[in-house]
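Remarks on the structure that follows.
Just so you know, these numbers use all the heavy atoms, side chains as well, and skip hydrogens, waters and symmetry mates. Order of the sequence lines sets the chain letters (A, B, ...), proteins ahead of strands, with each chain counted from 1.
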4 protein chains.
Amino acid sequence: MSPDTTRRSDRSRRAVLAAARDLVVEVGYPRLSIEAVARHAGVGKQTIYRWWPSKGAVVLDAVRALSEDETGGITLPDTGDLEADLKTVLRATAVEFGDPALSALLRGLYAEIAVDPELAMLYREQVDRPVTEAKLARLRAGQRAGQLHPEADLALCLDLLYAPFVQRWLLRTGPLDAAFADALVEATLRAFAPVGDVE
Amino acid sequence: MSPDTTRRSDRSRRAVLAAARDLVVEVGYPRLSIEAVARHAGVGKQTIYRWWPSKGAVVLDAVRALSEDETGGITLPDTGDLEADLKTVLRATAVEFGDPALSALLRGLYAEIAVDPELAMLYREQVDRPVTEAKLARLRAGQRAGQLHPEADLALCLDLLYAPFVQRWLLRTGPLDAAFADALVEATLRAFAPVGDVE
Amino acid sequence: MSPDTTRRSDRSRRAVLAAARDLVVEVGYPRLSIEAVARHAGVGKQTIYRWWPSKGAVVLDAVRALSEDETGGITLPDTGDLEADLKTVLRATAVEFGDPALSALLRGLYAEIAVDPELAMLYREQVDRPVTEAKLARLRAGQRAGQLHPEADLALCLDLLYAPFVQRWLLRTGPLDAAFADALVEATLRAFAPVGDVE
Amino acid sequence: MSPDTTRRSDRSRRAVLAAARDLVVEVGYPRLSIEAVARHAGVGKQTIYRWWPSKGAVVLDAVRALSEDETGGITLPDTGDLEADLKTVLRATAVEFGDPALSALLRGLYAEIAVDPELAMLYREQVDRPVTEAKLARLRAGQRAGQLHPEADLALCLDLLYAPFVQRWLLRTGPLDAAFADALVEATLRAFAPVGDVE
DNA sequence: GTGTAATCGAGACGGTACGTCAAGTCTTGTT
DNA sequence: AACAAGACTTGACGTACCGTCTCGATTACAC
């Protein structure tokens with residue numbers, strides 16, 4: 001599709017991402033080396049350097065590859081009940097983060113992002129934005145349905161919902177369980193409840 | 001005081017932390033090497049390896065050293081107005097995070113913590129807990145003063161207040177300005193407002 | 001020619017041996033470090049470790065390189081007068097051992113050989129054997145010419161000729177001069193004189 | 001006895017030499033470290049540095065200690081038959097060199113001597129000279145008894161006898177057996193035979 | 001079909017840093 | 001004063017990777 005991938009070997013690309021994924025899980029992100037990825041993938045080092053600018057970029061790609069099958073746009077469930085839907089989604093996310101492969105990859109990615117502004121930009125645009133759009137869409141629908149304050153700052157609302165979740169996972173300050181997910185949803189919805197909507 | 005530090009050279013300890021601080025700012029955390037820290041500190045590498053288990057531990061100590069002078073316990077302002085006090089604190093924190101030295105050190109620390117559970121534990125116990133205690137104390141005072149719901153989960157309340165703040169800083173998803181600080185405080189306080197307290 | 005040297009950089013090889021030679025002369029064998037050789041040769045340490053198993057092996061190679069230009073086989077002079085020829089050779093060897101570069105290299109080599117059986121084997125096969133063969137050939141010619149006892153043990157004869165010489169040089173028990181060389185030759189030839197050949 | 005050993009702890013001295021001997025045998029001379037000697041001997045590093053100038057000096061002392069019990073002067077057997085006596089002595093020396101402890105110590109010592117002129121001097125004076133004197137005395141007795149040429153250079157004679165022997169041991173060019181010892185003695189005595197004494 | 005040029009695997013290269021070991025000096029308290 | 005203990009600076013060890021650079025050997029498009 002894009003012109004700079006004309007002659008690119010898809011076999012090598014997949015092998016590199018798979019090797020990166022496996023090795024991150026096996027030895028951890030800091031001990032992941034381009035050298036080892038090339039070895040495991042049966043690929044020349046130059047092939048990696050040709051297509052990815054850094055170790056972090058490889059891992060970011062590996063993260064994207066994990067959810068590559070979802071060809072269509074991401075959509076959140078919409079049963080009409082915003083609170084229930086958000087709890088469903090947050091609980092599902094908690095389960096996802098329990099996957100050692102995804103978890104190890106994401107930890108490595110966050111470590112690099114914290115420290116590499118370039119990669120942070122790529123992350124925001126390629127990983128974060130699509131899902132954030134989907135989440136915002138669901139919130140907007142809820143807002144239209146009168147389940148959120150009409151002037152609620154939906155971006156801020158998303159921050160309240162997800163940032164504590166990610167932080168708890170990243171710093172391991174507590175378990176990512178359903179109770180936490182539910183409490184987060186409830187508190188956030190209270191903060192952006194429509195007028196007079198307090199029990 | 002403690003027996004295992006009997007013969008430790010305080011001169012070397014300070015020099016290492018200062019060198020680590022300076023070098024993180026200068027070249028960034030990933031390019032910070034124990035070798036360079038030793039060189040800049042005029043210290044043998046072995047002295048660093050003798051007293052710190054890893055590069056991350058040195059940086060954690062350097063972060064602690066930045067606030068070492070505050071000998072007394074940490075206390076948050078308490079003017080009686082919880083909202084105003086929280087805004088003051090959050091705005092001040094935003095300013096602090098603008099300091100290149102602190103910012104670079106913390107980014108490095110977060111990068112390592114994301115990926116090193118041992119260091120994460122040290123961080124929680126030595127850096128996070130003291131300030132979290134102080135924040136909780138202020139919230140508890142506000143709760144007693146009727147400015148928070150009597151059954152509010154204060155830990156969750158802190159998460160809503162700070163996690164979005166830290167996440168925005170870490171991922172550079174937006175500016176850390178007074179407007180954001182104020183919006184965070186207001187949303188969080190709405191989520192944990194005392195009964196019937198909606199204007 | 002040999003398959004394991006296909007991609008080897010000859011430029012690096014020469015630079016390493018030259019640096020080793022120069023540094024041994026400059027600082028002495030015990031203070032010769034692989035690190036310094038690499039630095040002086042403008043070569044990565046790994047390149048040295050890739051092609052030589054130890055410091056001693058580098059020095060052995062440097063010794064070989066000193067006489068590398070002599071492409072042809074080694075041959076001792078044969079004027080028909082064995083005694084005169086041996087004196088010529090031994091005197092010449094004494095002069096050679098006066099060369100600081102050769103002397104320093106050989107001292108280092110002997111020091112390592114004394115203590116490393118592997119290197120000792122390499123030395124015997126790659127350095128000692130060729131010249132020993134040449135010396136034996138000359139003795140054999142003398143024997144055929146009736147200048148040595150027909151049943152003389154020529155290997156032992158060589159030992160008597162050269163071992164005292166090397167020992168005096170190694171332990172510095174005396175000067176390596178023409179008088180000593182001549183005395184050695186005369187005594188040895190007396191020991192292996194043909195029958196009835198006593199003045 | 002000597003003034004500079006007034007306060008010297010003999011217990012420490014013995015412990016150091018014993019530790020050096022044991023460690024040389026165990027790990028080989030090049031991997032022998034002052035640090036390990038001190039540890040094994042239960043002695044402070046400073047104590048070693050106070051009394052010995054170098055690792056080589058410690059080993060030289062350890063070699064001397066191995067033959068310390070022989071309080072009296074060294075004397076070679078004198079049965080009246082020089083050839084038989086020399087064969088006895090050389091065969092005995094061959095056996096001695098088979099002792100792993102002595103052999104390992106001597107190899108280390110020779111390695112250092114090859115490269116350290118200071119130590120070489122100490123070796124010549126403290127180890128070599130006494131035994132060389134004894135050997136010379138026996139040769140002189142043989143010379144007086146008419147078993148050697150009256151004008152034989154006895155020092156050279158000793159060189160022919162011992163240097164090939166030491167060289168074979170040092171370079172491992174062959175076994176140190178009785179046959180070699182006998183052959184050496186016979187060849188050397190032929191070289192310095194009294195006039196007309198050829199069978 | 002057959003060049004031909006980019007990509008591929010492999011891996012040597014000059015480097016930097018790793019974490020460890022030991023050297024030799026210095027300090028502290030004990031005998 | 002000499003001792004055991006051990007922290008200190010220094011420097012080298014041998015290893016792992018970095019990112020660049022040749023090497024042939026595919027390989028896939030243009031002719």
- Item | DNA chain F: 5'-proximal contact among A/A36 and D/R39 (nearest heavy atom) | D/R39

- Distance in angstrom units between B/I48 CD1 and E/dT20 P, rounded: 13 Å

- Message: B/R13: which residues meet the salt bridge (Lys or Arg N to Asp or Glu O under 4.0 Å) condition with it, sequence neighbours left out?
- Response: B/D10, B/E68

- What's the closest nucleotide to the A/S33 side chain, out of E/dA22, F/dC13, F/dC17? F/dC17

- Message: Looking at F/dC3, I'd like to know if its phosphate oxygens (OP1 or OP2) sit under 4.0 Å from a side-chain N or O belonging to D/R50.
- Response: yes

- Task: Just call it for B/T47: base, sugar-phosphate, or nothing, with non-hydrogen atoms closer than 4.0 Å on any strand.
- Result: base

- Nearest-nucleotide check on DNA chain F, D/G44 vs A/K55; residue mapping nearer the 5' end is D/G44

- Task: Name the closest nucleotide to the D/K45 side chain, picking from E/dA23, E/dC8, F/dC17.
- Result: E/dA23

- Message: I want to verify a distance call: between E/dT7, F/dT20, E/dG9, whose nearest atom is closest to the A/S12 side chain?
- Response: E/dG9

- Query: Quick one: does B/R7 reach the base of F/dA5 with a side-chain donor-acceptor pair under 3.5 Å?
  - Reply: yes

- Task: Write down the distance between CZ (D/R13) and P (F/dC3), rounded to a whole number of angstrom.
- Result: 12 Å

- Message: If we count only N and O atoms by modelled type, under 3.5 Å, do the side chains of B/Y123 and B/E112 hold a donor and an acceptor together?
- Response: no

- From the list E/dA23, F/dC17, E/dC18, which nucleotide is the closest neighbour of the side chain of B/Y49? E/dC18

- Closest to side chain of A/V43, choosing from E/dG9, F/dC18, E/dC13: E/dG9

- Message: Looking at C/W51, I'd like to know whether one of its side-chain N or O atoms comes within less than 4.0 Å of OP1 or OP2 on E/dC13.
- Response: yes

- Once you round to the nearest 0.5 Å, how far does CG of A/L122 lie from CD1 of A/I113? 9.0 Å

- Query: Just how far, in rounded Å, is C1' of F/dC13 from CG of C/L32?
  - Reply: 13 Å

- Query: When we call it a touch if two heavy atoms are under 4.0 Å apart, what does C/R11 touch: a base, just sugar-phosphate, or nothing?
  - Reply: sugar-phosphate

- Task: Can you figure out which of E/dC26, F/dC17, F/dC13 approaches the side chain of D/Q46 most closely?
- Result: E/dC26

- Cation over ring face, D/R8 and D/W52, 6.0 Å, 45°: yes

- Item | Cationic N near anionic O, under 4.0 Å, B/K45 to B/E35 | yes

- Query: In whole angstroms, how far is the C1' atom of E/dG14 from the NE2 atom of C/H40?
  - Reply: 17 Å

- Task: Grab the CD-P distance between C/E35 and F/dG11 for me, whole Å please.
- Result: 11 Å

